[in-house]
Participant: 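Let me begin by handing over the structure; questions about it come next.
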Amino acid sequence: MTVTVTTAGPLPTGDGPGSTDGPGDGTYDVTVVGAGVVGAAIARELAGHRLRTALVEASDDVGNGTSKANTAILHTGFDAVPGSLEGRLVREGHELLAAYAARTGIPVERVGALLVAWDDEQLATLPGLLAKAARNGYHAARLIGAQELREREPHLGPGALGALEVPDESIICPWTTPLAFATQAVRAGVHLHLNCRVRGIAGDAGGHTLSTSRGPLRTRYLVNAAGLYADEVDRLLGHEEFTVTPRRGQLIVFDKLARGLVDHILLPVPTAAGKGVLVAPTVFGNVLLGPTSEDLDDRTATGSTAEGLHLLREKGRRIVPALLDEEVTAVYAGLRAGTGQEDYRIRDHPGRRYVTVGGIRSTGLTASMAIARHVTGLLAGIGLDLGDRHDLPELTMPNLGEAFPRPYLRADLIARDPAYGTLVCHCEHVTLGEIRDAFSATLPPHSPDGLRRRTRARGGRCQGFYCGAAVRALFEGGRA
Amino acid sequence: MTRTARRVDVLIVGAGPAGLAAGAELAAAGAGHVEILEREAEAGGVPRHCLHGGFGGGRTGAGPQGPLGTPARTYARGGTSGPAYARQSVAAAVRAGAALRTGVTVTGWAGPRTVETTGPAGLERITATAVVLATGARERPRSARLIPGTRPAGVYTTGELQQAVHLHGQWVGTRAVVVGDEPVAHAAVATLRAAGVHVVAMVTDRPSAPLRVRRPGLPLLTGATVTALTGRTRLSGVELRRDDGRTTILRCDTVVLTGDFVPEHELARRGGLTLDPGTRGPAYDAAFRTSQPGVFAVGNLLHAVERADVAAREGRAVAVSVLHRLSGTELPTAPGRPLVVDAPLRWIAPNVTGPYGERPAGGRFVLRTARRLPRPRFLVSQGDRELHRQRLLVPAVPGRPFHLAAEWLDRVDPHGPPVRITVPGR
């Protein structure tokens, strides 16, 4: 099967392989706008049908917006609003993604969460949250007292009174997930067009003509998974249904030497002000502190601020005091797409051959596969003939997770190829073999950050003091 | 998962100035199989990418020299260049008979003196009678310094900058701001200029000082804190707040964050070695013993950045202790008393008293201060017992070592509380 991934130049026609219906005039059956974790999941789901599908993305990589900068938690949905679409899709998505991750090698660790009560009022809230979890169909949660909490989490700050334990909350790799979806999609014939910003949409009876930064694209059906820009794409079609308000979350990543301080995802008890600041391990072996929650109007404001970092450190000092003595490896900020509604805004437009997938916030990673199924159902409901469903070829992703054997620890791999025994990035133990593999992968990186999200190279505590120039040399050589 | 198990007499981790000097000295002294492991493809450590002069005069006192930086007054004068110094150090170790293996990374511990390694030839488990950690130091990057703002390209530490320019010939930018004013910052300026980059300014949050070294054509902004970096894909500016509250943005596409060295202590920590809270390196005594019997530490791992000849001197000095261990004449380990400092002092090295009152090299301790102290007085005490008073005749300034005599060591009560070094009235 030929793989079509384009990054520049005029868009090719949509005469994709495997197409049996449609006019065969260069028109795609479905085009998904936005290759974040949700758009990539939708494209992957569509790839399991005989359709000519395009996935178009404004930036140079998949998962490059909200998806790359979240808290990387695989949620159970225990705390969702019962009866909401989000609640249902998170619950279904948890099962789907956990199973998919196990099949493809996406790192997941079921570390469990503890919602820690720090005062009597919070403690009194916990039974209600337990009942809410049950209403969401989650029955494994339980209340634990101060002593057990202390035994489970010995580095917790003083004054914790008790907790709600949610044993199935997990941590997941936020970078490998959209990459796996998109890789599988394009291997199954989906066309991925990067650096392709949608600027206008003209509709007619047969479908839509998108004018993009790389020329026109014709499609019968359209899915808007544009994340922070979903409202703008919606408006290009004349809809005025919602406005995206970017809500910034700043996060601090602590060094791997801090990993021993935290055994669970430590969640605050939610208040009217939001979900609050958490402390959580990452699958890369670090510890995450964040996020802040700031409503902004600039959709590009992914910078950190002195106030934000100060606030996080104050909160973190309360939760795990020893964390603050550890070195900081990274600081980043992500923007979630708030829409003024505490639920996803997923809607079909029957007369328009169009589905909007808006307002997907931090739960979108967990829910992505369930959203994809839901959206595919909506497309069928508004007239798209899906045809037979077939299984996608299996996929194995390179392992970035610290809890699973990485190449530098594998004698078998090194014996076959010494490049897996040649360490380039020392802090993260990234080998020459992995970097080389990234460049020959179905979706190679187009930036040093893209390489980091595929290999962890340059993502460690030294941030390039030791390896930066060598990694850059490999990047420039790998692209040549 | 197959690992080759081997035994050596001495295993040295890190082939920079300290590790190579230790290897050379030990091999020459007939310590048996002395093996030096270096994770980089080429041995020599940081001097490999310090293209300036000033290295290699250590024993004859030809002038200060430094990893990454070198005091400005000797810049490009005297001694030899970093790469030449690195080559000489490597040659000396190999000539003495040490087995030097590059491209081999110690990834963890499998026992008190057993390490696990990864290299192109496979995985190993190496057990040694004595392990010498010489893993060096690195500069704190932007993230660890919690500098807010966007995350554009064009942000360097001196180490990365020097490697980019001197080892890889990479393009680094057109207009640069250098943050810091210690010797290493001047080395960064020289590297930038060698790469054809215009250096807009040198910036430091420290107040202006009368004896500050100034370079012609290089504005020095004192009392200026970096409050943010701006720019989308590429850096567009460095935002500063001056002591008087004014804010400025310096337009540039490159920023170099210099100094602020921390020991590369991962291996020491993962091995369960006690760390000193001041240096953040392993706690150690004058014989370079750590809290783990048979595990020694030398060089910039102990105290972050000192000159290459200081690191090499420690490497040579550790040989005595290691040879005692190999021959079974090592003094039994007894708990040393920690030496602790109060602010504004940052650290003291060595920071543990030896069980038998050993004196540090040259009979003196090395200290650093967080702020300038003109003619400071020091008080050494243990509990309410005063051990020593000393006055410094020159100012103690941040980023430069100063020294404290060690003659009070034999008055330390080996069972008493920690020994405290303070600057009374500060």
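These figures come from a predicted structure and were not determined experimentally. Below, read A as the first sequence line, B as the second, and so on, with proteins coming before strands; counting in each chain starts at 1.
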Participant: When you look at CZ of B:Arg251, are more than 12 heavy atoms from neighbouring residues, nucleotides or ligands closer to it than 6.0 Å?
Facilitator: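 Atom CZ in B:Arg251 is not packed in, count stays at 12 or less.
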Participant: Hey, does A:Val328 have a side-chain heavy atom less than 4.5 Å from the side chain of B:Arg140?
Facilitator: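 SC-SC contact between B:Arg140 and A:Val328 ruled out.
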Participant: Could you measure the distance from the OG1 atom of B:Thr157 to the CD atom of A:Gln463? Nearest 0.5 Å is fine.
Facilitator: 9.5 Å
Participant: To the nearest 0.5 Å, what is the distance between SG on A:Cys467 and CD on B:Glu160?
Facilitator: 7.5 Å
Participant: Does any backbone or side-chain atom of A:Thr300 lie under 4.5 Å from a heavy atom of chain B? Answer side chain, backbone, both or neither.
Facilitator: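 Both backbone and side chain of A:Thr300 come within 4.5 Å of chain B.
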Participant: Given heavy-atom pairs under 4.5 angstrom as the criterion, report whether the side chain, backbone, both or neither of A:Ala470 touches chain B.
Facilitator: both
Participant: Counting only heavy atoms closer than 4.5 Å, note whether B:Val165 contacts chain A via side chain, backbone, both or neither.
Facilitator: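 For B:Val165, no heavy atom lies under 4.5 Å from chain A.
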Participant: So with a 6.0 Å cut-off around CZ of B:Arg101, is the heavy-atom count from everything else above 12?
Facilitator: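 Counting neighbours around CZ of B:Arg101, more than 12 heavy atoms of other residues, nucleotides or ligands fall under 6.0 Å, so yes.
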Participant: Quick one: what part of B:Arg151 sits under 4.5 Å from any heavy atom of chain A, side chain, backbone, both or neither?
Facilitator: side chain
Participant: At a heavy-atom distance under 4.5 Å, which candidate from B:Val155, B:Thr107, B:Val262 has the highest pair count against chain A?
Facilitator: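 If we count pairs closer than 4.5 Å to chain A, B:Thr107 comes out on top.
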Participant: Is there a donor-acceptor pair under 3.5 Å between the side chain of B:Gln163 and the backbone N or O of A:Phe465?
Facilitator: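 Yes; at least one donor-acceptor contact below 3.5 Å.
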Participant: Tell me the closest heavy-atom pair linking A:Val331 and B:Leu146, and the distance in Å.
Facilitator: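 It is CG2-CD2, 4.0 Å.
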Participant: Chain A: which of B:Pro277, B:Gly122, B:Gly119, B:Gly169 shares the most heavy-atom pairs with it under 4.5 Å?
Facilitator: B:Gly119
Participant: Between B:Gln170 and A:Ala469 (side chain of the first, backbone of the second, donor and acceptor by atom type, cut-off under 3.5 Å), is there such a pair?
Facilitator: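 Present.
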Participant: Return the CD to OH distance between B:Glu264 and A:Tyr466, rounded to the nearest 0.5 Å.
Facilitator: 3.5 Å
Participant: Under 3.5 Å, is there a donor-acceptor pair between the side chain of A:Thr422 and the main chain of B:Pro120?
Facilitator: no
Participant: Should the heavy atoms of other residues, nucleotides or ligands under 6.0 Å from CZ of B:Arg241 be counted, would the total exceed 12?
Facilitator: no
Participant: What option among A:Ala419, A:Ala415, A:Gly468, A:Ala301 has the most heavy-atom pairs under 4.5 Å with chain B?
Facilitator: A:Gly468
Participant: What residues, two or more places apart in sequence or in another chain, satisfy side-chain contact (heavy atoms from CB on, under 4.5 Å) together with A:Asp325?
Facilitator: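 A:Asp325: side-chain contact (heavy atoms from CB on, under 4.5 Å) contacts with B:Arg280.
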Participant: Which atom pair, heavy atoms only, marks the closest approach of B:Thr118 to A:Ile414?
Facilitator: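 Taking B:Thr118 first and A:Ile414 second, the nearest heavy atoms are CG2-CD1, 4.0 Å.
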Participant: When you check the gap from the basic side-chain N to the acidic O, do B:Glu266 and A:Arg461 get nearer than 4.0 Å?
Facilitator: yes
Participant: Top residue by heavy-atom pair count (under 4.5 Å) with chain B, among A:Ser447, A:Gly433, A:Pro448, A:Gly303?
Facilitator: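 Max contact count across the listed options: A:Gly303.
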Participant: Which heavy atom of A:Ser304 sits nearest to which heavy atom of B:Ile147, and what is that distance?
Facilitator: OG-O, 4.5 Å
Participant: Can you tell me if A:Arg259 has over 12 outside heavy atoms packed within less than 6.0 Å of its CZ?
Facilitator: yes
Participant: Side chain, backbone, both or neither: which part of A:Phe254 has a heavy atom under 4.5 Å from chain B?
Facilitator: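 When you check distances to chain B, no heavy atom of A:Phe254 falls under 4.5 Å.
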Participant: Nearest heavy-atom pair of A:Thr329 and B:Ser143: which atoms, and what distance?
Facilitator: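 Shortest heavy-atom separation between A:Thr329 and B:Ser143 comes out as O-OG, 2.8 Å.
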Participant: Any carboxylate oxygen within less than 4.0 angstrom of a Lys/Arg side-chain nitrogen, looking at B:Arg269 and A:Glu327?
Facilitator: no
Participant: Examine whether an atom of A:Leu257 lies under 4.5 Å from a heavy atom of chain B, and if so say whether it belongs to the side chain, the backbone or both; otherwise answer neither.
Facilitator: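 Contact with chain B is through both the backbone and side chain of A:Leu257.
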Participant: Go through the atoms of A:Arg458 and report whether side chain, backbone, both or neither lie under 4.5 Å from a heavy atom of chain B.
Facilitator: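 Contact with chain B involves the side chain of A:Arg458 alone.
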Participant: Surrounding CG of A:Asp298 (heavy atoms of other residues, nucleotides or ligands, distance under 6.0 Å), is the total greater than 12?
Facilitator: yes
Participant: For B:Arg232, is it the side chain, the backbone, both, or neither that has a heavy atom closer than 4.5 Å to a heavy atom of chain A?
Facilitator: side chain
